[in-house]
2 protein chains.
Amino acid sequence: MPQPVSNRPLISITNIIWSFDPVTKQLLILLLQRNHAPFKETWGLPTTYLRADESADAAALRLVREKLGVQLAQFHTEQLGTFTAVARVPDERSLALTYMVYLPVKPQLVPGYGARDVRWFAVTPRQDRDDLVAGELTFKGVADAVSAAEFYQQTPPVPSLTADHALIIKTALQRVRNRLDYAPTILLVLGSHFTLKQAREVYAILWRRPVTTIDNSNFRKTHAHLFVEAGTAQSHSSGRPAKVYRLKSVG
Amino acid sequence: MPQPVSNRPLISITNIIWSFDPVTKQLLILLLQRNHAPFKETWGLPTTYLRADESADAAALRLVREKLGVQLAQFHTEQLGTFTAVARVPDERSLALTYMVYLPVKPQLVPGYGARDVRWFAVTPRQDRDDLVAGELTFKGVADAVSAAEFYQQTPPVPSLTADHALIIKTALQRVRNRLDYAPTILLVLGSHFTLKQAREVYAILWRRPVTTIDNSNFRKTHAHLFVEAGTAQSHSSGRPAKVYRLKSVG
DNA sequence: GCAAAAGTGTTGCATCTACACCCATGG
DNA sequence: CCATGGGTGTAGATGCAACACTTTTGC
């Protein structure tokens, strides 16, 4: 039997929005600082509430448009997971349906409704975790070995992200890493077309090793089947111009 | 801003409950036939509604206990995904949070509250899909090549499963197949301990090929790192008794 | 021409597949 | 002791890492 209407949990949509800075070669995640309760002044992932007349995927896209004002015809979204721990948000029963969105550009940010500040945070690999860094602000990542159950039990570090968003980001990075060898949609942050050099820069961050240790020749041989050629790029500096590729079986 | 309470979608928990018949060597999924609207008399996956004071994982476990009366201390559950298409259930806005449960035994089934009938359906591999078969009842699986978007557009076959449950089952099988080479939790249907022969029987179904084509020696060498030895089994028939294994890093 | 970056080829090592062979048990 | 199934070993094929070499551009 359906639950009484008053007992229905809130359904929030939470996005991990990925981007890439071509100058600093950093992989970026969007965080914003709320200016209202709960979690006033703390940083967290962009969140909205699901409307009755839209699917969760549609809501994830709406969220990107609302928070960023980006008006691209179509983004690629992927469901990450649903977070349902009873006490994940204090004083409120809400589920988080989480989605990943890959922005093909790095838009200028303007704090929108409900946000005091908004920034791109660089994924910064450490020994056994990934920190998020934006200028003087650093959020320490959840250690690789920590399970979800352990996360909800331990006391959060200071400063910490909204609710369980640190766990959501850890899960997102795990997912992205797993897919590197068979469906590296994270490369969509480079735009629809990219060179192998750019691809190696992204892989280097996620593999937690210097780009220089990823052999050009071998990378091509082991990952070429994931890409299709799509012409040749303009040479921007000295050196032979690279071919450009796009992901196989993705728009 | 939170959505008005009256607009909040229903949150249902839908389970793919896996089991295994050691006699017929069939991989099984539990389906039940409802005796009330909506979907009266149609077959579908067991479903319940999320309560305010429980996590979705807890609800998935409760569902197993309610529908099966199985009283094991602990099952292994895994989140499969969340299905949110607006029209996935006619005349009702509901989300399906789906979970996989691996039963270490094949319990006798007794139709519980709200169910007219309940049965184990054998996963039956075809060329490009997997059908579900229980005696004279057969449900045709969704073809491998069909995307989620395509599924929701096309008209369902007759007989068809409740709402989008055929899509959920296709997704579940996909997930299980993907995990065979690095985290084959599906083997928990064999109980906590199993022989390599039993494991190959499960793999054969999911790889859609006869057991006899899976070389014992090679299977051991390629998948041994996923298992740990745990003693020796009794020999039931003639032949050398097999060692028993359990999954690495799973209770 | 020289530096820089992209792309190609080769060699040795690790891994997988196919298949022959040996081991332990029931009747 | 023989049929049945479990476990071990080995040769050829395949795939990957390391690294030398060639090609194409800017200056």
Side-chain angles (χ1 to χ4, degrees), chain A residues 20 22-25 177-184 187 190-191 193-204 206-248, chain B residues 22-25 177-182 184 187 190-191 193-204 206-248:
Chain A
F20 189 75
V23 177
T24 60
K25 302 188 170 164
R177 288 195 167 102
N178 279 336
R179 294 179 64 125
L180 284 180
D181 284 339
Y182 70 95
L187 294 180
L190 299 171
H193 297 250
F194 51 86
T195 67
L196 290 191
K197 167 107 193 192
Q198 293 176 299
R200 275 185 290 135
E201 279 158 4
V202 174
Y203 274 70
L206 295 164
W207 281 345
R208 289 185 182 141
R209 41 190 272 200
V211 205
T212 51
T213 65
I214 304 180
D215 186 274
N216 182 5
S217 167
N218 294 336
F219 182 78
R220 155 183 268 92
K221 276 178 278 191
T222 49
H223 292 80
H225 65 283
L226 302 170
F227 314 137
V228 289
E229 285 194 32
T232 303
Q234 274 78 274
S235 65
H236 296 289
S237 62
S238 79
R240 176 172 172 175
K243 292 182 185 160
V244 294
Y245 298 82
R246 46 185 187 75
L247 286 181
K248 198 171 268 182
Chain B
V23 177
T24 60
K25 298 176 173 176
R177 287 198 168 99
N178 279 336
R179 294 179 62 124
L180 284 180
D181 284 339
Y182 69 95
L187 294 180
L190 299 171
H193 298 251
F194 51 86
T195 66
L196 290 191
K197 168 104 195 199
Q198 293 176 300
R200 274 186 290 135
E201 279 157 4
V202 174
Y203 275 70
L206 295 164
W207 281 345
R208 289 185 183 143
R209 43 189 270 201
V211 206
T212 52
T213 65
I214 304 179
D215 186 275
N216 181 5
S217 165
N218 293 336
F219 182 76
R220 153 183 269 91
K221 275 179 278 190
T222 49
H223 292 80
H225 65 281
L226 303 170
F227 313 135
V228 289
E229 285 193 31
T232 304
Q234 274 80 274
S235 65
H236 296 290
S237 62
S238 78
R240 175 172 171 173
K243 292 182 185 160
V244 294
Y245 298 82
R246 46 186 187 74
L247 286 180
K248 200 171 268 182

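Sequence lines set the chain letters: A, B, ... in the order given, protein chains first and strands last, and positions in each chain run from 1.
- For the pair H223(B) NE2 and dG7(D) P, the computed distance is 16 Å after rounding to whole Å.
- The NZ atom of K197(A) sits 11 Å away from the P atom of dG7(C) (whole-angstrom rounding).
- Protein atom CG of N216(A) is 14 Å distant from nucleotide atom C1' of dA17(D), rounded to whole Å.
- A204(A) and P210(A) get closest at one heavy-atom pair: CB-C, 4.2 Å.
- In this structure, CD1 of I214(A) is placed 15 Å from C1' of dA18(D), rounded to the nearest angstrom.
- As a whole-Å value, the separation of D181(A) CG from dA17(D) P is 10 Å.
- Applying the side chain to side chain contact (heavy atoms under 4.5 Å, CB included) test to R220(A) and every residue at least two apart in sequence or in another chain returns L196(A), N216(A), Y245(A).
- Listed by chain and number, the residues in a side-chain hydrogen bond (donor to acceptor under 3.5 Å, both in side chains) with R209(A) are T213(A) (sequence neighbours excluded).
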Whether each nucleotide of nucleotides 16-24 of chain C has a protein heavy atom under 4.0 Å at its base (B), only at its sugar-phosphate (S) or at neither (-) is summarised, 5' to 3', as -BBB---BB
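- Under the rule for a side-chain hydrogen bond (donor to acceptor under 3.5 Å, both in side chains), the partners of R177(B) that lie at least two apart in sequence or sit in another chain are D130(B).
- Residue F219(A) contributes atom CZ, which lies 15 Å from atom P of dA18(D) at whole-angstrom precision.
- Applying the side chain to side chain contact (heavy atoms under 4.5 Å, CB included) criterion to A230(B), with sequence neighbours excluded, gives H193(B), V244(B), R246(B).
- Evaluation of the side-chain hydrogen bond (donor to acceptor under 3.5 Å, both in side chains) rule for K25(B) yields E201(B) as partners, not counting sequence neighbours.
- For R220(A), a side-chain nitrogen or oxygen approaches OP1 or OP2 of dG7(C) to under 4.0 Å.
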